[in-house]
Each structure stands twice: as structure tokens, then as C-alpha cells.
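The block underneath contains the structure these notes are about, expressed in C-alpha cells.
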Amino acid sequence: MRNIQISKPAIGKEEIDAVTAVLKTGNLSQGPLVKELEEKFAAFCGSKYAIALNNGTATLHTALYALSVGRDDEVITTPFTFVATANAILMQGAKPVFCDIEEKTFNIDPTQIESHISKKTKAIMPVDLFGHIYDVEAIGRIAKKHSLPVVEDAAQSVAARYKGRKAGNVAEIASFSLYATKNMTAGVGGLLTTNDEKVMKKCKLFRHHGQDESATYDYKEFGYNYRMLDMTAAIALEQLKKIEGLTEKRRLNAGYLNEGLQDIEGIILPVEREGYRHVYHQYTIRITKDYKLSRDAFIARLGAKGVQCKIYYPKPLHLFPHLMTYGYKKGDFPVAERLAGEVVSLPVHPLVTKDEIQWIVECIRNI
Ligand SMILES: *Cc1c(COP(=O)(O)O)cnc(C)c1O
């Protein structure tokens, strides 16, 4: 029987050899490969600086710290994302102020952002959900008008583009993740990009207990231990060489799915807005009430055919206990709540073959 998984890391001999080589040098902590990764990743994104950290959540946290977001401040973000987005805000003692999303891209709805801005607002943190960059122009305009920085949660959007600019170079700060399921992976890890030298320096202190790179045991300020290992950087450097090819394969698979699944009543396919390059971290469709089966039944049917589908995300963040303590309740963000009940992601990653895509299409067509 077929077994088409929703995600699978594309790890080859290159990554394995690179890790082995690091182990042989005996350099098990942050070292020269981390520096090389920072230089190459910044160049890839077209940003001035990149800072490597130990995971994507730490990276978001570091970004907010570098912008001096602190206790009782507010950060506007989307409730339709992985919980790390909101938890990073909580880690700085600030409040996640949620704003509803737009149906088309699943991303934060720029037309609703201004109604959430208050004197306490310190930043806007959109997420490039499923690999589609947020509405750069509209949100950039609002941010400029209110003198607020934009922190891009780009955990899912490495290599995505907006009019020739890459994810990581459309906002003041961007935060990437190298977690096992991401488009570019090292199992775990994070990368922050910025064009601001002051921000870069603050991030580097924060990840190393307030120590700069030259002087150790000189704690210039409070910090965490958020450093990346050279072994992690070794894997990420190999992945960086492949990311364009891996992205093209994802886009190809998404194109086949778009073609095969069009015009099915009750199913809405993902959208790539004009001027944007979607990198399909997930290929997410919507099973609406007009479809002949419930979403659960749809997932079960495909599961029985060896096609693993998954729901990202079954419940928006404002309905979880630790965030409801801020006064959020059901009905606050109707679009996010409705879409959470409709979405399902199909396998699209680079190791899914054309034959497997055809199988997925056939299984859905035969329902
Ligand atoms: C994966 C992810 C993160 C955090 O990444 P980790 O590396 O797992 O800490 C943050 N935000 C979003 C949207 C993510 O998908």
C-alpha cells in the first residue's frame, strides 16, 4: 500500500557527510560554520545581516527583545498560526493582540489591523502562513503611518518572494525556523534577518548571555543561551544549496494539484496572489459545507488510500486556555474560526513524486 506522508525531510548524503565532518573537528558548539551560514543566508535573502539561533521560537523571542517589546506592551498578530508566534510575545511579558485573517491567503487581514492599534502597540507580527508572504504593501503602509516595526514570522516561507524581494527582506526583522518539517531544515534551528546593525548587535548579545563575540565573561546585559551548534549550521548550509531546487519541486507539485483538483464543488484551492511567489510549505485546501463529505470523512477516505492529510490548524490561538485569559472568546475572530473548521493540507513536499500526486488527485476525484 502507498504511504504518502504530509512531510518528510529531504536529507541526503551531503548533510550526513557535513555533520560527520563537524564531529571529526571536535568543534561541538557555535563555531565557523555558524558564521558561514549567517553570511550565506543573509546573502540569500538579500538582507544585510543574519543571526543564527537554536530554534525558531527563540528567534521570534529574540526579535521582539531586540525591538524592546516588553512588559504590558502589545503586539498585533494573527490567531491562525502555530502557537510559537503568540508564545514568543508572551515570553517578553507582552500581550498578543489578535486580528482576524483574510480568507484568500489565510494571512492577517490588513483592513482590520488599525482597529487594534493602541498606545501600547509596539509591533505588528504577520505570519507568512503556509509559505505565502503577508500583504507587504498594505501592512507596510499601516506600519509606516503609526511608526511601528513589522516582524515577519517567516518560519514557513523561506525562498518566498514578493516582487523580487525575498522573505526575510520585506520587514524590519524576519524570523525563520529550521525545524524538521520546514522547507529548509536542520531538525532544529532558527535564523533572524535584519538590515539594522543595532538590532543585529542586540540579537547577538541576547543569544549568548549578554556576551559579545570578542570578550567572554563580560556580561553587557541580560541574555539567554540561544546559540546554534556548528552541526546544525553544517546541515543548514547543505540545505541552503538545495533550497531553490526543493522549492521549485514544491511549486511543481502544487501546480499539478491545482490542475487536477479544479472545479470540484465545495473544495477551495490555495491562492497565489499576483506579485507573490508561494513556496507551499503546506498545500492547504478548504472543505466547505457545499462539499459532499465532512472534512473528517474526507481525511479518513484519503487515509485509507495511503494519503496522509493534516489539519493546520484545527483551532485558532485565541481559544486556547493560556490566551483566553486575555479575555478572548469564541466569536471574536469569525474568519479564523470558520477556516479552522475547513482547512486540510495535502502532501506537496519535494519527495512526493508526480505519480503520487496523480494518485492523490485520482483518490479525491473518485470520492
Ligand atoms: C515552526 C514555526 C515556528 C517556530 O519554530 P520552532 O523552530 O519549532 O521553534 C514559529 N512560527 C511558525 C508559524 C511556525 O510554523
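In each ligand, atom 1 is the first atom listed, and ligand 1 is the first ligand listed.
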Close-contact set for ligand 1 against N55 heavy atoms, below 4.0 Å: 7 (O), 9 (O)
Is E238 salt-bridged to K13, going by a charged N under 4.0 Å from an acidic O? no
Counting only heavy atoms not in R71, do more than 12 fall under 6.0 Å of its CZ? no
Closest contact, heavy atoms only, K166 versus A159: CD-CA, 4.3 Å
Element-labelled atoms of ligand 1 that are located less than 4.0 Å from some non-hydrogen atom of A84: 3 (C), 4 (C), 10 (C)
Taking only non-hydrogen atoms of A155 and a 4.0 Å limit, the atoms of ligand 1 in range are 2 (C), 3 (C), 10 (C), 11 (N), 12 (C), 14 (C), 15 (O)
Any non-hydrogen atom of K182 lying under 4.0 Å from ligand 1? yes
N/O donor-acceptor pair under 3.5 Å between T78 side chain and P126 backbone: no
For ligand 1, which atoms have a heavy atom of S177 less than 4.0 angstrom away? 1 (C), 5 (O), 6 (P), 7 (O)
Tell me whether D153 has any N or O atom under 3.5 angstrom from an N or O of ligand 1. yes
Output yes when the distance from some N or O of ligand 1 to some N or O of T81 is under 3.5 Å, and no in every other case. no
Any N or O of G56 closer than 3.5 Å to N or O of ligand 1: yes
Donor-acceptor pair, W359 side chain versus V307 backbone, under 3.5 Å? no
I'd like to know if E14 and K241 make a salt bridge, using a cut-off of under 4.0 Å between side-chain N and carboxylate O. no
shortest atom 9 (O) of ligand 1-to-protein heavy-atom contact is with T57 OG1, 2.5 Å
Has the side chain of N253 got a donor or acceptor atom that lies under 3.5 Å from a matching backbone atom of V348? yes
